Every structure is written in structure tokens, then in C-alpha cells.
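To keep things clear, I will list the structure first and then write my remarks on it.
Keep in mind that what you see is a predicted model, and the values were worked out from it rather than measured.
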Amino acid sequence: MTEATNKKSSTLRFLVPLIIFGALAGLLLYGLGQDPREVPSPLIGKAAPEFKLPDLLDPSRSVSNADLDGKISLVNVWASWCGACRAEHGMLMELSRRKDIQLIGLNWKDDQADATQVIRMSGNPYQLIAFDPDNNSGIDWGVYGAPETFVVDRNGIIRHKHIGPIDPEVWQQTLEPIIAKLQREQPDPTSNPVR
């Protein structure tokens, strides 16, 4: 082996780990700059998944896609065991006073008695609460944590997904502008709201 070949080999042994380190550092820096709550949902722009679940507070009644039709809805995933859900509850109570949206709860992976007690003790911001203890519908909605909130338009199309609690800042900066835009839109006469 010549001296030139040895020098070249030595340079490569130094450069390859440096290039790999640089690439990993670049990926790490890119990841740090991303908001972990901004996970894109493949359901945005698509019809809400079909669901039919018993109402938490009245199991003789069911909650389904039909309850979303013709209204702008916030479908809020929550559970009694979820601390962040308790943190956003006051904001949801405030939003429940609005007449231009409806709040639908999706009680997820919960115990019915525990969930009912939370509502009894803290107040009920929801028009309806779909009870999904076994994640039968949550999996179709792509739920992987609580709280999560889906904005669904009058045609039953998911327009936005928010991960994490709703607070005044999230409401004012993200959700309220989306709601205002949806309110200006006319319902699509070609959609079939009856399922």
C-alpha cells in the first residue's frame, strides 16, 4: 500500500463518522424545531369516521355521525383519568355557552362511573358524550391520547385536529379563526348528511 493510499484511507476514516454525526445533528435540530402537537392527521379533509356509541349519560341513546350533520362541531376526546382534560374543562364550559358550535364529547378508554362522576362534579360542557371504553371508535379517529379535539364542519368533514388541552390562547389563535371561516362557508348541497 502506498503512502498516498494510506493517507486517503485515514482521511475517509475521519470524514465518514463526521458526516454521519453532522447528519444526525441536523435531524435532531430539525426535530427540536417542530411542535409535537402539530401531528398531521390523515383524516383532515375527509369525512368523520363512521361511529355509533352509547351516550355516556343515557346509554339507551346512541351518538353517531348523524349528530354532527348540519352543525359545526368540536369533538373533544377526554377521560376522567386525564389531568390535561381537567385543565381544559373550564374552557370547555365557557365554549359550551356559544350557540354557533356544538361540543360532542368522546369519552375514551374510561370507566363509566368515573367519567359520570367527573361530569356530575365539574359540570357538563357537552351536548352529547359518546362512550368509547374499548377504543372501538377512537382507533378509527386516530386517537392516541387525551385530550384531542377535532373540528368537524357542517358536512361532517374533519377540518382540523388539535392535540392537547384547549386554553384561551389555543382558542383565540387557532380554533376560533377556523370556526369563523367555517361559519362563512355555506353547507355543501351535494353532500349527503343522512347516513
Query - Test side chain to side chain contact (heavy atoms under 4.5 Å, CB included) applied to I158 and K46, step by step - result: CA-CA 6 Å; I158 295 175; K46 295 182 180 170; over 6 Å; no
Requested in this report: Go through the steps for Q183 and I72 under the test side chain to side chain contact (heavy atoms under 4.5 Å, CB included), then give the verdict.
Outcome: CA-CA 8 Å; Q183 288 168 340; I72 298 170; 3.6 Å; yes
Report task. Might you work through the side chain to side chain contact (heavy atoms under 4.5 Å, CB included) test for L106 and F150, ending with a clear yes or no? Result -> CA-CA 10 Å; L106 178 60; F150 297 85; 5.9 Å; no
Requested in this report: Please step through side chain to side chain contact (heavy atoms under 4.5 Å, CB included) for the pair I157 and V152, ending with a clear verdict.
Outcome: CA-CA 5 Å; I157 305 297; V152 183; 5.9 Å; no
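Considering every non-hydrogen atom in both P147 and C82, the closest pair reads CD-SG, 3.7 Å. For the residue pair G138 and D132, the shortest heavy atom distance occurs at N-OD2, 2.7 Å. Taking all atoms of both residues into account, the shortest heavy-atom contact from N65 to A48 is ND2-O, 3.2 Å. Summarising the geometry of D140 relative to P49, their closest heavy-atom pair is O-CG, 3.3 Å, with the distance given to 0.1 Å. Scanning both residues, R98 and D100, for their nearest heavy atoms gives NH2-OD2, 2.7 Å.
Between the side chain of D110 and the backbone N or O of S80, at least one donor-acceptor pair lies under 3.5 Å. Distance alone, capped at 3.5 Å, is enough to place a donor-acceptor pair between the D111 side chain and the A113 backbone. Distance alone, capped at 3.5 Å, is enough to place a donor-acceptor pair between the W81 side chain and the K109 backbone. Here the side chain of S73 pairs no donor or acceptor atom with the backbone of V75 at under 3.5 angstrom. Remark: side-chain polar atoms of N135 are not paired, donor with acceptor, to backbone N or O of W108 under 3.5 angstrom. The backbone N or O of L182 lies less than 3.5 Å from no partner atom in the side chain of D153, so there is not a single donor-acceptor pair. At least one donor-acceptor pair under 3.5 Å links the side chain of R154 to the backbone N or O of E185. At distances below 3.5 Å, at least one donor-acceptor pair connects side-chain atoms of K161 with backbone N or O atoms of G142. Listed for the R159 side chain is no donor-acceptor partner under 3.5 Å among the backbone atoms of I179.
With hydrophobic clusters built from ILVMFWY side chains whose heavy atoms lie under 4.5 angstrom apart, I139 does not share a cluster with I104. A continuous path of Ile, Leu, Val, Met, Phe, Trp and Tyr side chains, each step under 4.5 Å between heavy atoms, connects V143 with I44, placing both in one hydrophobic cluster.
To the nearest 0.5 Å, the span separating CG on N107 from CD1 on I129 amounts to 7.0 Å. Atom CE in M91 sits 11.0 Å away from atom CD in E169 (nearest 0.5 Å). Atom OG of S137 is separated from atom CZ of F131 by 12.0 Å, given to the nearest 0.5 angstrom. Rounding to the nearest 0.5 angstrom, the gap separating the CD atom in Q102 from the NZ atom in K71 is 4.5 Å. Taking NE2 from H160 and CG from L175, the interatomic distance works out to 5.5 Å, rounded to the nearest 0.5 Å. Note: N124 CG to S96 OG = 8.0 Å, rounded to the nearest 0.5 Å.
Put simply, the residue from E88, H162, H89 that forms a side-chain hydrogen bond (donor to acceptor under 3.5 Å, both in side chains) with N76 is E88.
Within the 4.5 Å cutoff, the side chain of T149 has no heavy atoms near those of the V170 side chain. A 4.5 Å side-chain heavy-atom check between L103 and Q127 finds at least one atom pair inside the cut-off. P165 places none of its side-chain heavy atoms less than 4.5 Å from the side chain of D167. Under the 4.5 Å side-chain criterion, counting only non-hydrogen atoms from C-beta, W78 is in contact with V118.
Within a 6.0 Å sphere centred on CD of Q117, heavy atoms belonging to other residues, nucleotides or ligands number 12 at most.
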